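First the structure, in the form of structure tokens, and then the observations on it.
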Amino acid sequence: MEHTKHIWRVGILVIVAITGFVFFRVLLIPPSYGIRGSYRYDNVAEQMAIEPRHGEVRGCNECHDERVDELRAGPHENVACENCHAPLSTHVKDDEKEWDMSVNKTGEWCVRCHLFLPARPKSHPQIDPVEHLVKVGVKQVGRDWSDVVCFKCHEPHDPTPEDEDTVASGIDGNAK
Amino acid sequence: MPILVPEHTGFLFPNDLHVSWSLMIVMYPYITGLVAGAFIVSSLYHVFGSERFAPVGRLSLGASFCFLIFATAPLLNHLGHPERAFNIMITPNFRSAMAGFGILYNTYMLILALEIWFVWRQDIILIARHSRGIKRQFYKLLALGVYDISAEALAHDRKATRILASIGIPAACALHGYVGFLFGALKSNPWWSTPLMPIVFLFSAVVSGIAALIIMYMISMKITGRSISDECVDGLSKMLWAFLIVTLTLEILEIVTLAYEAAEEWQIISSLLFSKLSLEYVGLQMMMGGFVPLILLAIIVLMSPTPPIRNTLALISSLLLLVQVFAMRWNVVIGGQLFSKSLRGFRDGYQPSFFEREGVLAAVLILLAPFAATLVFARVLPLFDYIDKQAQTRRPGPGEQQVPLTSE
């Protein structure tokens, strides 16, 4: 076959490209890939070696038992502390308090769990925050609740509002 | 970030509150569709030898290539960790529908690149011969160092082109049919899960591809001061009309079947299409984007108007059809996520904002990128310069190398 030099060249180029791809692919496949399925099996051990960051439900008990009792007594009994605070590992190291625990004090935080959503079970207490704040006598605050402090009226650990009078007096929910 | 009181209605499952496949996932089948559509036009010339499509023979290949380069851009922009996209090629799970894309995409890219090389080889060599310095080295490299443009070599090129283009047709169909399959194979969603989905996607892809070509062809003729080939626009319009008829028929048949069966999903789908998406579906996809071009193109086909009128009609219908196909992608991708899996309620609406990462600006930039790339492509490999000459000298003799370069 004459005049096919260019076809040979491009053919070789394609073969080099494909073998190059296959070669690098083989190099890049992690060694333990595929032992138990389409994933890297070594990863299982790596995950198991990671120190847990959260203290789980009872993680705070040994040092904050009064808080725990307080929480257990109210409607937030099933809300774990770390939902509103931060993971235990940001606060305690080797069973000693090492860093301050952060506290999220914005209304957004409460709204995350208490916003009215049709997808939420009816039994869960839900509010439309704009309506709620107007109803309980706080002046209209618009839709940005990063400054609204819900626990002016609701103690976060035991949120059922106890004193109807506080409410009637019309506390300014915006005040910090 | 203000929390907005959401606008959903009816009964939703807790995990289906939001639309998570954004505008970018609308762009992805859209751009992939333009690839397939442009390629199929180029095949009409390169495989079936329809001479009337010669003027867009190269443009369609170049455009297809440039669209292909950017077909993954919206996906990568959507991913939180774009670099992990390569894992799907290094360690594909062959039972995953998503993994198919890497294989189809790369196969198609290879075929297209080879075909482009064979089609442009003669030009590459001629340019290399007529230039010096770095430019010459660059084109010499592109030519892989072989300067053979004898009649036999060119005959081999044509044969190779034909073979590649004919492998390319099923590859293009597979690439885009696959995108439709991704949606069609999601059995949890009655608006997506139909075996017709890949076919509808494929045909509307061809429609959008032809429409984009007509627009690009007319604009490039205008810019470069050439005259528009009547035959070519006429042929493209007829083809566009034919594919549009099939596309609309399929799209309507799908709805008619759903409506007539009136199974449990029809309740939600009908209120999705005729109230939630009435503008996008009835207005854009069916009326403005579907029936108006259908009539405009029918005027071209049936009444053979004078060239200026025909060109205007073709241009308007192409623009409308680009909108139609985009609306169709939107209605499928976004529409399919608007209702809950409960089939009894609607999620929050979806409106991309302008500046966010997956917003309108990003979409516009990603859509413009292939057109910009086509301009660059045209500077490296001429899209039109040699066409007239080649049409005349189908079998260039040994004197061919003396032909001066028009661009220099």
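Keep in mind that this is a model prediction, so the values were computed, not measured. Convention: sequence-line order gives letters A, B, ...; per-chain numbering from 1.
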Subject >> A:His3 versus B:Ser150, closest heavy-atom pair with distance >> reply: ND1-OG, 2.9 Å
**OP:** Identify which of B:Glu152, B:Arg121, B:Met89 forms the greatest number of heavy-atom pairs closer than 4.5 Å to chain A.
**Re:** B:Arg121
**OP:** Go through the atoms of A:Phe21 and report whether side chain, backbone, both or neither lie under 4.5 Å from a heavy atom of chain B.
**Re:** side chain
**OP:** Could you tell me which portion of A:Val26 (side chain, backbone, both or neither) has an atom closer than 4.5 angstrom to a non-hydrogen atom of chain B?
**Re:** neither
Subject >> B:Arg95 portion near chain A, given a 4.5 angstrom heavy-atom threshold >> reply: neither
Original post:
Taking all non-hydrogen atoms of both residues, which atom of B:Ile90 and which atom of A:Arg25 are closest, and how far apart?
Top reply: O-NE, 2.7 Å
Original post:
What class does the angle between the rings of B:Trp117 and A:His6 fall in, given that below 30° is parallel, 30 to 60° is tilted and above 60° is perpendicular?
Top reply: tilted
Original post:
Has A:Glu66 got more than 12 heavy atoms of other residues, nucleotides or ligands less than 6.0 Å from its CD?
Top reply: yes
Original post:
Are there more than 12 heavy atoms of other residues, nucleotides or ligands under 6.0 Å from atom CZ of A:Phe24?
Top reply: no
Original post:
At a heavy-atom separation under 4.5 Å, does B:Phe118 approach chain A through its side chain, its backbone, both, or neither?
Top reply: side chain
Original post:
Do A:Lys5 and B:Asp148 touch side chain to side chain, with heavy atoms closer than 4.5 Å?
Top reply: no
Original post:
If every non-hydrogen atom of A:Arg9 is compared with every non-hydrogen atom of B:Leu144, which pair is closest and at what distance?
Top reply: NH1-O, 2.5 Å
Original post:
If you count the non-hydrogen atoms of other residues, nucleotides and ligands that lie under 6.0 Å from OH in B:Tyr147, is the total more than 12?
Top reply: yes
Original post:
Heavy-atom distance under 4.5 Å to chain B: side chain of A:Pro121, backbone, both or neither?
Top reply: neither
Original post:
Does A:Arg72 CZ have over 12 foreign heavy atoms under 6.0 Å away?
Top reply: yes
Subject >> Over 12 non-hydrogen atoms of neighbours within 6.0 angstrom of NZ in B:Lys341 >> reply: yes
